[in-house]
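Step one of this worksheet: look at the structure below.
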Amino acid sequence: MQYWLLKSEPSVYSIAQLAALPGQTDSWDGVRNYQARNLLRDQMRCGDQAFFYHSNTKIPGIVGIVQVVREGYPDATAFNPQSPSYDPKSHADAPRWYSVDVHLLRQLRRTITLAELKAHADKLADFPLLRRGNRLSVLPVTAEQWHFILALE
DNA sequence: GCCAACGTTGGC
DNA sequence: GCCAACGTTGGC
């Protein structure tokens with residue numbers, strides 16, 4: 001099993017929205033970066049777990065844990081002209097963008113903030129989220145990083 | 001709102 | 001294929 005971190009701006013899609021769904025399961029869609037797309041399409045497996053990270057908000061940080069319940073499939077929002085993520089260059093017979101489905105395992109008892117993660121830069125030296133200029137919205141997390149971060153909770 | 005960092009686009 | 005211009009991300 002592998003571990004990941006999934007970023008979302010809470011003003012666009014928050015963990016509360018996922019938690020409010022009947023099955024607490026939803027598609028993770030709208031990713032429009034090729035490197036992140038490749039991870040969604042090729043690397044993420046059913047059973048993998050991921051941190052749900054709130055970005056571009058007052059207190060950015062990790063707010064919950066989700067599990068992959070459906071592996072990469074074409075992102076339907078790319079085909080939908082009504083969607084803000086619509087991409088006319090993505091076609092059903094040659095999809096450009098991919099989604100996975102995630103199920104909420106639990107919300108954290110408190111947010112593990114970005115500031116707090118940075119304070120542990122010694123332990124998290126290779127954590128991609130802390131790398132300069134990082135903008136990827138899907139990031140791999142090592143088992144060691146995963147357990148260290150969860151222990152902060 | 002600012003701005004650094006980075007990805008994408010498109011002319012050549 | 002190069003690279004300048006532009007758009008986006010995302011912390012602060």
Side-chain angles (χ1 to χ4, degrees), chain A residues 2-20 26-44 48-68 71-102 104-142 144-153:
Chain A
Q2 302 212 87
Y3 297 102
W4 307 92
L5 181 144
L6 297 170
K7 280 187 205 172
S8 182
E9 302 191 22
S11 63
V12 177
Y13 187 84
S14 71
I15 197 165
Q17 286 173 257
L18 176 58
D26 205 357
S27 56
W28 196 269
D29 52 34
V31 173
R32 296 293 178 266
N33 169 283
Y34 287 104
Q35 203 177 338
R37 186 278 312 269
N38 292 346
L39 295 174
L40 289 171
R41 187 189 59 190
D42 306 329
Q43 301 294 321
M44 297 184 81
D48 285 1
Q49 293 185 17
F51 289 133
F52 193 126
Y53 178 88
H54 278 172
S55 68
N56 199 18
T57 187
K58 205 155 116 189
I59 304 177
I62 295 166
V63 292
I65 299 172
V66 298
Q67 183 163 44
V68 177
E71 296 178 6
Y73 62 98
D75 183 342
T77 66
F79 306 135
N80 177 7
Q82 309 308 318
S83 168
S85 303
Y86 176 57
D87 181 357
K89 292 177 184 167
S90 185
H91 304 283
D93 55 350
R96 176 174 294 201
W97 306 114
Y98 280 73
S99 308
V100 298
D101 284 356
V102 297
L104 180 64
L105 289 183
R106 69 180 181 90
Q107 295 187 246
L108 298 193
R109 292 186 288 279
R110 64 177 191 85
T111 300
I112 299 175
T113 67
L114 177 61
E116 192 175 353
L117 295 172
K118 283 182 172 173
H120 292 282
D122 52 336
K123 276 277 190 181
L124 297 173
D126 299 321
F127 194 48
L129 188 74
L130 303 185
R131 276 212 278 273
R132 198 174 65 105
N134 147 72
R135 281 170 48 190
L136 257 196
S137 63
V138 179
L139 300 171
V141 179
T142 69
E144 192 180 2
Q145 290 160 351
W146 178 272
H147 291 112
F148 176 79
I149 291 166
L150 265 189
L152 296 175
E153 183 188 10

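Here the structure is a predicted model, which is why all the values come from computation and not from measurement. Proteins get letters first, then strands, A, B, ... in listed order; numbering begins at 1 in each.
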Worksheet item: Can you tell me how far P of B/dA5 sits from CG of A/Leu136, to the nearest Å?
Response: 17 Å
Worksheet item: Between atom CG in A/Asn134 and atom P in B/dC6, what is the gap in whole Å?
Response: 9 Å
Worksheet item: Tell me: CZ of A/Arg132 to C1' of B/dG7, nearest whole Å?
Response: 16 Å
Discussion item. Does C/dG10 have OP1 or OP2 under 4.0 Å away from a side-chain N or O of A/Lys7?
Written reply: yes
Worksheet item: Could you state the CG-C1' distance from A/Asp87 to C/dT8, rounded to the nearest angstrom?
Response: 15 Å
Worksheet item: Does A/Tyr34 have its ring centroid less than 6.0 Å away from the ring centroid of A/Trp97?
Response: yes
Practice prompt. Report yes if at least one side-chain N or O of A/Lys58 is closer than 4.0 Å to OP1 or OP2 of C/dG10; otherwise report no.
Written response: no
Worksheet item: Start at the 5' end of DNA chain B and walk down; is the nucleotide closest to A/Asn33 or to A/Asn56 reached first?
Response: A/Asn56
Worksheet entry | Name of the residue among A/Arg37, A/Arg32, A/Arg96 meeting side chain to side chain donor-acceptor pair (under 3.5 Å) with A/Asp75 | A/Arg32
Fill in: Gap between atoms CD1 and P, on A/Ile59 and C/dG10 respectively (whole Å)
18 Å
Worksheet entry | Protein-nucleotide distance (A/Lys118, atom NZ; C/dG11, atom C1'), rounded to Å | 6 Å
Response to the item:
For A/Leu136 and A/Ala36 the tightest heavy-atom approach is CD2-N, 3.7 Å
Discussion item. Between A/Phe127 and A/His120 (judged by ring centroids, cut-off 6.0 Å), do the two rings come close enough to count as a pair?
Written reply: no
Worksheet item: Taking only N and O in the side chain of A/Lys89, is any of them less than 4.0 Å away from OP1 or OP2 of B/dT9?
Response: yes
Discussion item. Using only modelled atom types and a 3.5 angstrom limit, is any donor from either the side chain of A/Arg32 or the base of C/dT8 paired with an acceptor on the other?
Written reply: no
Fill in: Whether A/Thr113 side chain and A/Ile59 backbone form a donor-acceptor pair below 3.5 Å
no
Fill in: Integer-rounded Å distance: C/dG11 P and A/Arg131 CZ
16 Å
Fill in: Below 4.0 Å: OP1/OP2 of C/dG11 and any side-chain N or O of A/Tyr53
yes
Worksheet, complete the sentence: note: A/Arg135, atom CZ; C/dC12, atom C1'; distance rounded to Å ~ 17 Å
